[in-house]
Amino acid sequence: MRRRLLCAVALAGTAFAATPIAKHITQVVDPGADAVVTLRGYDTDGDVLSADVSSLPASGVLSQLSKVFSKFGYDPKKGSAAKAGAAVTGSNNRLHYARPTYDAEFATGKWATFGYTVSDGSATSREATVTLVPPSLNLVATAFDTSNEAWTVVRNGPGNAAAAHDASSFGSALNRFVIATDELIAKDGATGLETNASRWMFQSPPAYSGNQGASYKGSLEFTLGALAGDLTVPSMAHNLVEIECAYCDVNEGVTLAFPIWNATAFDGATTSYSISLDEAAGWIKDPKNTLLQWPTPTQCEMIEVLSGITAIRILGDFTDWYESIALDAVALKAPASGISEVPVCAQHTPDASTCTCA
């Protein structure tokens with residue numbers, strides 16, 4: 001699988017009509033409500049754009065606008081059912097979305113997604129995604145109410161292991177969670193002290209993988225607590241969070257990290273984190289060379305990684321000794337706005353000197 005985000009390149013002395021861009025959109029839909037979704041195309045030539053539905057939502061009903069609402073703004077809004085591959089007939093490239101009828105007040109993830117393209121009559125954009133989320137803004141979330149929900153523990157000895165589920169409660173902020181304890185401890189030959197041979201982390205299940213680009217400038221939220229161990233002097237030379245995209249940079253792979261020194265200190269007391277998914281919020285990029293410093297990722301790199309996540313890892317090993325750490329209430333969230341756009345990002349190509357996001 002080869003992944004590269006599209007970059008529109010203007011070569012010197014060459015004139016061409018720009019290919020239009022369909023914007024990735026995230027829209028909040030309240031429980032029990034429906035929504036009118038405006039598809040947002042962009043064209044540098046200023047051409048009038050039409051839109052086509054390229055894929056339908058897996059839940060809920062996507063429809064064309066009724067003629068009376070499309071023309072005059074009067075109810076009913078809902079018209080005929082939308083079909084994949086069909087043109088959008090509503091004025092201003094709008095569609096109607098009706099949520100499923102079940103009570104989703106406690107939704108742990110997005111309602112649904114669907115795809116669309118825009119065209120200027122001569123060129124058609126790449127597919128963009130509309131993501132419909134509940135007021136919680138959750139794209140995917142884990143409460144650990146009844147199981148470990150396929151979370152694992154990595155870098156804690158040979159192989160990966162399932163994170164242990166615990167149905168206990170330690171106050172309101174740590175209630176049913178997963179827990180792990182150091183397994184790989186080695187004795188330092190010089191000092192005789194037992195220390196960690198590696199730093200273990202909790203790793204996300206497949207539900208967090210794939211295109212989570214709607215989380216750009218949203219947040220990753222989670223709660224940590226220590227059930228055993230002395231965390232009064234934690235090590236500060238590690239990453240609190242890592243987000244990996246194995247297919248980014250044309251299969252070379254990219255890992256972004258949020259270092260522990262940029263986060264709220266963890267002394268073992270139950271602590272809730274909300275880490276902004278903005279490249280300027282303190283994220284760094286693995287240069288894949290131990291001699292080089294980890295630079296700040298570009299906007300393009302941040303969006304590309306979030307659009308192709310293969311793993312999210314959260315630190316559980318904060319000291320050089322034994323500790324038992326609990327993880328609870330993990331959520332990948334969209335930005336806190338009713339309707340938001342993810343920039344369509346471009347990555348360098350061999351003949352491109354600049355690269356921007358539109």
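Here the side chains of D47 and P20 are not in contact, with every heavy-atom distance at 4.5 Å or above. Put simply, the side chain of D182 reaches to within 4.5 Å of the side chain of E323, judged on heavy atoms. The shortest side-chain heavy-atom distance between Y116 and V130 falls under the 4.5 Å cut-off. The closest side-chain heavy-atom distance from T89 to S70 is not below 4.5 Å. At least one side-chain heavy atom of F170 sits less than 4.5 Å from a side-chain heavy atom of L227. At a threshold of 4.5 Å between non-hydrogen side-chain atoms, the residues V118 and L39 do not count as touching. Side-chain contact check for T319 versus D230: every heavy-atom pair is 4.5 Å or farther apart. For the pair P134/P31, no side-chain contact is recorded, criterion being any heavy-atom separation below 4.5 Å from C-beta on.
The backbone N or O of F144 sits nowhere less than 3.5 Å from a side-chain atom of D328 that would complete a donor-acceptor pair. Of the possible polar contacts, none joining the Y208 side chain to the Q203 backbone as a donor-acceptor pair under 3.5 Å is found. For S340 (side chain) and S337 (main-chain N/O), no donor-acceptor pair under 3.5 Å exists by modelled atom type. Judged by distance alone, with hydrogens and angles left aside, the side-chain atoms of W111 form no donor-acceptor pair with the main-chain N or O of A98 at under 3.5 Å. T270 places no side-chain N or O within 3.5 Å of a backbone atom of G225 that could act as its donor or acceptor partner. Put simply, the side chain of T19 never gets that close to the backbone of A123: no donor and acceptor are under 3.5 Å apart. With hydrogens and angles disregarded, no donor-acceptor distance shorter than 3.5 Å links the side chain of Y322 to the backbone of T181. Between the N289 side chain and the L291 main chain, a donor and an acceptor come within less than 3.5 Å of each other. At distances below 3.5 Å, not a single donor-acceptor pair connects side-chain atoms of K77 with backbone N or O atoms of F69. When atom types are taken as modelled, the side chain of S91 and the backbone of K71 share no donor-acceptor pair closer than 3.5 angstrom.
Minimum heavy-atom separation, E301 to L256: O-CD1, 4.3 Å. Between V68 and D75, the closest heavy-atom pair is CG1-O, 4.1 Å. Between S54 and A84 the shortest heavy-atom distance is O-CB, 4.0 Å. Of all heavy-atom pairs between L137 and A336, the closest is CD1-CA, 3.5 Å. Closest approach of H165 to S147, counting heavy atoms only: CD2-O, 3.1 Å. The shortest heavy-atom contact between N138 and A331 is OD1-CB, 3.7 Å.
Below 30°, between 30° and 60°, or above 60°: for W200 and F202 the angle between ring planes is above 60°, a perpendicular geometry. Note on ring orientation: taking the six-membered ring where Trp is involved, the planes of F318 and F266 are tilted (angle from 30° to 60°).
The same ILVMFWY cluster, assembled from side-chain heavy atoms under 4.5 Å apart, contains both V330 and L315. The cluster map of Ile, Leu, Val, Met, Phe, Trp and Tyr, joined by side-chain heavy atoms under 4.5 Å apart, puts V88 and I25 in the same cluster. Using a 4.5 Å cut-off between side-chain heavy atoms of Ile, Leu, Val, Met, Phe, Trp and Tyr, with links allowed through other members, F177 and L224 fall into different hydrophobic clusters. Cluster annotation: I325 and L174 are assigned to distinct hydrophobic clusters (Ile/Leu/Val/Met/Phe/Trp/Tyr, side-chain heavy-atom contacts under 4.5 Å, transitive). One hydrophobic cluster holds both F222 and V153 under the rule that ILVMFWY side chains link at heavy-atom gaps under 4.5 Å.
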Evaluate the criterion side-chain contact (heavy atoms from CB on, under 4.5 Å) for residue pair I243 and W283; output intermediate values, then yes/no. CA-CA 10 Å; I243 303 179; W283 290 88; 3.6 Å; yes
Applying side-chain contact (heavy atoms from CB on, under 4.5 Å) to V37 and L132, what does each step give before you reach the verdict? CA-CA 9 Å; V37 181; L132 303 153; 4.1 Å; yes
Set out, in order, the CA-CA distance, both residues' side-chain angles and the distance that settles side chain to side chain donor-acceptor pair (under 3.5 Å) for T223 and S272, then state yes or no. CA-CA 4 Å; T223 297; S272 294; 2.9 Å; yes
Assess whether side-chain contact (heavy atoms from CB on, under 4.5 Å) is satisfied between Q212 and L220, documenting all intermediate values. CA-CA 11 Å; Q212 303 291 353; L220 174 65; over 6 Å; no
Would you check, one step at a time, whether the test side-chain contact (heavy atoms from CB on, under 4.5 Å) holds for L240 with N262? CA-CA 9 Å; L240 178 63; N262 282 340; over 6 Å; no
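In this structure, CG in L65 is found 6.5 Å from CG in L95, a value given to the nearest 0.5 Å. Here the CG atom belonging to D34 is positioned 3.5 Å from the NE2 atom belonging to H96, to the nearest 0.5 angstrom. Atom CG of L306 and atom SG of C248 lie 9.0 Å apart (nearest 0.5 Å). For the atom pair D52 CG and N93 CG, the distance stands at 9.0 Å (nearest 0.5 Å). Rounding to the nearest 0.5 Å gives a distance of 11.0 Å between CD1 of I284 and OG1 of T255. For the atom pair S219 OG and Y273 OH, the distance stands at 15.0 Å (nearest 0.5 Å).
With no hydrogens or angles considered, a side-chain donor-acceptor pair links Y216 and E279 at under 3.5 Å. Looking at S125 and T117, their side chains never bring a donor and an acceptor atom within 3.5 Å of each other.
When the shell of 6.0 Å around NZ of K83 is examined, it contains 12 or fewer heavy atoms from other residues, nucleotides or ligands.
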